[in-house]
Amino acid sequence: MRLTVKLFAVLHQVTGVRETAVDLPDGATVRDLARALWERYPGLREHARTTAYAVNAEYVPDSHPLHDGDEVALIPPVSGGAHV
Amino acid sequence: MRLTVKLFAVLHQVTGVRETAVDLPDGATVRDLARALWERYPGLREHARTTAYAVNAEYVPDSHPLHDGDEVALIPPVSGGAHV
Amino acid sequence: MFEVTPQPLDPQRAVAAVRRDRDGAVALFLGVVRDHNQGRRVLYLEYDAYPAMAVRKMEEVAAEVRARWPVDGVAILHRTGRLEIGEASLVVAVSSPHRKEAFEACAYAVDRVKQIVPIWKKEVWEGGEEWIEGSLVPVPEAAEPGP
Amino acid sequence: MFEVTPQPLDPQRAVAAVRRDRDGAVALFLGVVRDHNQGRRVLYLEYDAYPAMAVRKMEEVAAEVRARWPVDGVAILHRTGRLEIGEASLVVAVSSPHRKEAFEACAYAVDRVKQIVPIWKKEVWEGGEEWIEGSLVPVPEAAEPGP
């Protein structure tokens, strides 16, 4: 299956990539995708502990099963709004 | 002494007067002024219990002594802002 | 910025007046004319005010706010005259480095405006009208008689 | 009204969007860019966002607000891109028949925006910059494996 991966904020900064495609065998989970991304972009690894995942714009656990065409976002800790 | 008296909201409504001059003997207090106004505008009497007084734009007690040229306002219960 | 005016109120002006570069938060309140009160359909409101004193009392409210919270700017604007449903009669804006203080101070200022600022509303409905009696203002105690 | 936009935010539009004729109160919050953070002089901020998901999460925040308070309209606007000192990054507006609910709901919505909406700020100061890591988002528990 083919997935679209989106990278934001510091994760965009450490990879230099905003969006990329990843091919994985059927049955793969978010955790499998994360491992594939760490191989391709080692800089993601140091943020792994604080990275959350969204599939098709909903937060999901690492164990979430992926399907062909899913849009997966890597979400660092959010910091919207002002400094208040 | 001569005083300027201002009437607002329901007190303006019951007297038909927005501003009037009142002459009182020296040494008069706000209470004396109120009595003089009740004579002139009997409709004020039924609001006496809820009327407050301001002299030169500061709330004062009934016993406050008046001086020539003072501006005295009759203040019904305030209701600024919206219905919330 | 403290104003009693027959002109429509502009919240953006209040925001601009209170914000300082060190502030991260501006809390704003708009009191707007609603279409009902106590089960009655309201057609419009009419506000009367003692403008010079109202502005002084608004300044007093702002001083109370500053004594209680570390806020920067405080703006209080009140409109007078006839106001239609949906129009803003009161705008209060408070700026602060932090949001919690801005919210608390803004809510407190709205309460105090309704308690001490000499402004009155008349409710006009189908076939009648009434000056609304809100808060009895707090009158200072008489001073002790001198010796 | 839920928006993620590179355009300047207009609080008056948010007020107009949330107000209903039965409402007497609109509480508004503006988060603005301030000139310092943790002792450092900030030059400007840059906001990144996942816009489609951010709008969904704003809708979720509004649904939480409505479940907790009897409020009418809820508007949440967030700006993206480079913002100078004093510009608003976040506008939250809540309308209600009564003011207490409007204030409480508005403050709650601001908290929740900062916790779950996928938006990020980068602080830029003299000679450096840093993406600010704020709240770890709450991730749902893994579903029980099927039989």
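Quick note on labels: first sequence line is chain A, next is B, and so on, each numbered from 1.
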Please check if atom NZ in D:K100 has more than 12 non-hydrogen atoms from other residues, nucleotides or ligands closer than 6.0 Å.
->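 For D:K100, atom NZ is not crowded (no more than 12 foreign heavy atoms under 6.0 Å).
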Give a yes or no on this: more than 12 heavy atoms of other residues, nucleotides or ligands lie within 6.0 Å of atom CD of D:E126.
->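 Atom CD in D:E126 is not crowded, with 12 or fewer foreign heavy atoms closer than 6.0 Å.
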Nearest 0.5 Å, please: how far is [atom2] in [Y] from [atom1] in [X]?
| X | Y | atom1 | atom2 | answer |
| --- | --- | --- | --- | --- |
| D:I119 | A:F8 | CD1 | CZ | 10.5 Å |
| D:I116 | A:I75 | CD1 | CD1 | 11.5 Å |
| A:L11 | D:W120 | CG | CH2 | 8.5 Å |

Counting only heavy atoms closer than 4.5 Å, note whether [X] contacts chain A via side chain, backbone, both or neither.
| X | value |
| --- | --- |
| D:Y47 | side chain |
| D:L83 | neither |
| D:A54 | neither |

Does any backbone or side-chain atom of [X] lie under 4.5 Å from a heavy atom of chain D? Answer side chain, backbone, both or neither.
| X | result |
| --- | --- |
| A:E58 | both |
| A:N56 | backbone |
| A:V60 | backbone |

What heavy-atom pair brings [X] and [Y] nearest, and what distance separates the two atoms?
| X | Y | value |
| --- | --- | --- |
| A:G80 | D:K121 | O-NZ, 3.7 Å |
| D:G134 | A:S79 | N-CB, 3.9 Å |
| A:P61 | D:P140 | CB-O, 3.4 Å |

pair D:P118-A:Y59: side-chain heavy atoms closer than 4.5 Å = yes
Under 4.5 Å, counting heavy-atom pairs only, tell me which of A:A54, A:A9, A:P76 racks up the most with chain D.
-> A:A9
Chain D interface, residue from A:H64, A:H12, A:E71 that has the most non-hydrogen pairs under 4.5 Å |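 Of the options given, most contacts go to A:E71.
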Counting heavy-atom pairs under 4.5 Å to chain A, which of D:L90, D:V42, D:D48 comes out on top?
->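 Heavy-atom pair counts peak at D:D48.
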Given D:R79, D:E46, D:E130, D:E123, the one with more heavy-atom pairs under 4.5 angstrom with chain A than any other is D:E123
Verify side chain to side chain contact (heavy atoms under 4.5 Å, CB included) between D:K114 and A:V78, making sure each step is shown before the conclusion.
-> CA-CA 7 Å; D:K114 296 168 79 85; A:V78 300; over 6 Å; no
Does D:H78 use its side chain to pair, donor to acceptor, with the backbone of A:G81 at less than 3.5 Å?
-> yes
Starting from the C-alpha separation in whole Å, work towards a yes-or-no answer on side chain to side chain contact (heavy atoms under 4.5 Å, CB included) for D:E129 and A:Q13.
-> CA-CA 11 Å; D:E129 56 178 49; A:Q13 181 180 282; 4.1 Å; yes
